[in-house]
Amino acid sequence: MNDDLFALEHRKQLTLRSGKERLITNRHPWIFAGAIAKESGPSDAAIADLIDQSGTRVASGFHSPHSQIRMRALTFGGEELTSQTIADRIEAAITRRKRFVNELTNAVRLVHAEGDELSGLVIDRYNDVVVIEIANHGIDRLRPLIVDVLRRELAPRGIYVKNDLPVRKLERLTLESEWLGAGEPPTEIVENGLRFHVDPAEGQKTGFFLDQRGNRALTREYASGARVLNLFSYSGAFGVYAAAGGASEIENVDVSAKAVELAQTNHAMNGFEANVRQTTADAFGYVRKLASERAQFDLIVVDPPAFAKSRGEVDRAARGYKDINLYAMKLLAPGGRILTFSCSGHVTSDLFQKIVFSAALDAGKRMSFLRRLSAGPDHPVSLYCPEGEYLKGFLLQCD
Ligand code: SAH
């Protein structure tokens, strides 16, 4: 059935507009409707071929009839796209992740969309459970193929197909998630030797923010004896690492009561309940309250959700990042450090640096950065699709 979707007569034919050949040379996987002169073939095709004006195939990929990104190119030039190509790419991505899994860590991003040449597909492994997140029509139709490969390669207890991405609505795909497995989706992972409860069904995103693994480890290094404020704490994972690193006090702050409960569970699971405060509050208001009380912290984590979900929201997002960073800096004790992040794809690293600079000026603090931060190496970014680099951050130090 899957192979059938790759049959020539079941593919969509897209003709590239003349003058748009550069797109192919640059190997960017997103082929927008505006670059297409003519379309033919079945409208619900999973796979599309892109042909140039002379009728030569120049790329093949996932087809999206309802998205402005009409095709996500997977192969270019003469390279064939078959079901085996997809299986091979998933297997290769899993093999590349083997180095990150050991007795101390059993949760890892297995497939990172364009970074693994599988635009629109994210697969996370949480110990015995695998979570699939699909963002476009073509790959959604290939779900049985993906499930087969994962079962064969990993034999997980269960696979959770998380269908809650807002973009699925635009792609006219179901928003109903699906559990294919034994028992229930929640599981327990270890990450750098620390334990966390992960619920793919109820949790945010696929259940846990794997992209911050390395930055959490950095927090542990800098936490010794520190008073730690963890803003936008979700699972409390930065707080758990800070406790493991010997922090003297930790305060986790999140607006979601469910997240705060999860943070509590995670601290308890690791035996780190002493000197931890779990606060349910809006971080923007709460930092103002702390500042008015002249509270001081030695290590502050600022890891908000994406404030800019589209290009049009960048200005508003910049004001949000500036505000929260300004207050974080005001709350910083002399010699203190901040780990600050933006996971908005539309806020570039350059812009984020300017925002943080402007916050430091207004806070009247002498700040320098010790490191630039990003997602970990299980979140590769394709050079042909730099948009995949969404997470950026700084480890800042107050002089
Ligand atoms: N640092 C976390 C991930 C943070 S995700 C980790 O390592 O796992 C962003 C979190 O911000 C979510 O849990 C969300 O509930 C919370 N959030 C969103 N808006 C908020 C606000 N205004 N104040 C406090 N928390 C907020």
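Whatever order the structure lists them in is the order used to number ligands and atoms, beginning at 1. If you're wondering where the values come from, they're calculated on a predicted model, not measured in any experiment.
Those atoms of ligand 1 with a heavy atom of D282 less than 4.0 angstrom away are 21 (C), 22 (N), 23 (N). Distances below 4.0 Å separate heavy atoms of A281 from the following atoms of ligand 1: 23 (N), 24 (C). The contact set between ligand 1 and Q204, taken as ligand atoms under 4.0 Å from a residue heavy atom, comprises 12 (C), 13 (O), 14 (C), 15 (O). Within the listing of ligand 1, atoms 21 (C), 23 (N), 24 (C) sit less than 4.0 angstrom from a heavy atom of A283. Less than 4.0 angstrom separates some heavy atom of P305 from each of these atoms of ligand 1: 9 (C), 11 (O), 18 (C). Shown in contact with F238 at under 4.0 Å from a heavy atom are these atoms of ligand 1, numbered in order with element: 1 (N), 7 (O). Each of the atoms 8 (O) of ligand 1 lies under 4.0 Å from some heavy atom of S235.
Remark: the N252 side chain and the Q278 side chain contain an N/O donor-acceptor pair separated by less than 3.5 Å. No side-chain donor from either of Y241 and Q212 sits under 3.5 Å from a side-chain acceptor of the other. Side chain to side chain, Y321 and T340 fail the donor-acceptor criterion of an N or O pair below 3.5 Å.
Note: F394 and F352 meet the aromatic proximity criterion, with ring centroids under 6.0 Å apart.
Under a cutoff of 6.0 Å and an axis angle of 45°, R337 and Y222 do not form a cation-pi pair. A cation-pi arrangement is found for K330 relative to Y327, the charged atom lying closer than 6.0 Å to the ring centre and inside a 45° cone about the ring normal.
When hydrogens are left out, the protein atom nearest atom 4 (C) of ligand 1 is F232 O, 3.2 Å; that is the closest non-hydrogen contact. Among all non-hydrogen protein atoms, the one lying nearest atom 7 (O) of ligand 1 is R216 NH1, 3.1 Å. Nearest non-hydrogen protein atom to atom 15 (O) of ligand 1 is D254 OD1, 2.7 Å. The protein non-hydrogen atom at the shortest distance from atom 25 (N) of ligand 1 is V255 N, 3.1 Å. Ranking the protein heavy atoms by distance from atom 3 (C) of ligand 1 puts D303 OD2, 3.3 Å first.
Backbone and side-chain nitrogen or oxygen atoms of S256 are examined, and none is located within less than 3.5 angstrom of a nitrogen or oxygen of ligand 1. Geometrically, ligand 1 and N230 share no nitrogen or oxygen pair separated by less than 3.5 Å.
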Trace of the side chain to side chain donor-acceptor pair (under 3.5 Å) decision for E114 with S119: CA-CA 4 Å; E114 287 83 2; S119 187; 2.7 Å; yes
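Under 4.0 angstrom from ligand 1, there are no non-hydrogen atoms of F208.
One finds a salt bridge joining E171 and R72 here, because a Lys/Arg side-chain nitrogen approaches an Asp/Glu carboxylate oxygen to under 4.0 Å. Note on R152 versus E91: salt bridge recorded, some NZ/NE/NH1/NH2 to OD/OE distance being below 4.0 Å.
Taking hydrophobic clusters as Ile, Leu, Val, Met, Phe, Trp and Tyr residues chained together by side-chain heavy-atom distances below 4.5 Å, V253 shares a cluster with L332.
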